[in-house]
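Written below as structure tokens is the structure these notes are about.
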Amino acid sequence: MGELKDKAKGIGNEVAGNAKQMTADATDDPSLDAEGKAQERKGEAQNVSGEIKGAMGDKV
């Protein structure tokens with residue numbers, strides 16, 4: 001997977017995770033909040049992966 005692909009997936013997961021957290025707050029659903037936080041962290045990790053690949057010239 002390339003740098004831009006990782007970053008795009010990461011942003012998508014962060015946005016979806018944040019949306020789940022907002023919905024969880026509105027509906028008082030702790031399990032949805034936990035799911036949203038996990039998805040947001042996954043997105044952050046994908047962004048870091050994309051940045052590393054970019055710094056390494058997509059050789060990783």
- Query: Who pairs with N13 by side chain to side chain contact (heavy atoms under 4.5 Å, CB included), at least two apart in sequence or on another chain?
  - Reply: Q39, K42, Q46

- Contacts of E51 meeting side chain to side chain contact (heavy atoms under 4.5 Å, CB included) (sequence neighbours excluded), chain-then-number -> K7

- NZ of K9 to NZ of K5: how many Å apart, nearest 0.5 Å? 6.0 Å

- Message: Nearest 0.5 Å, please: how far is CG in L32 from CD in Q21?
- Response: 9.0 Å

- Task: Could you tell me whether a side-chain N or O of T23 sits under 3.5 Å from a main-chain N or O of A19, the two making a donor and an acceptor?
- Result: yes

- Sequence neighbours left out, what pairs pass salt bridge (Lys or Arg N to Asp or Glu O under 4.0 Å) with at least one residue falling in residues 27-38? K20-E35, D33-K37

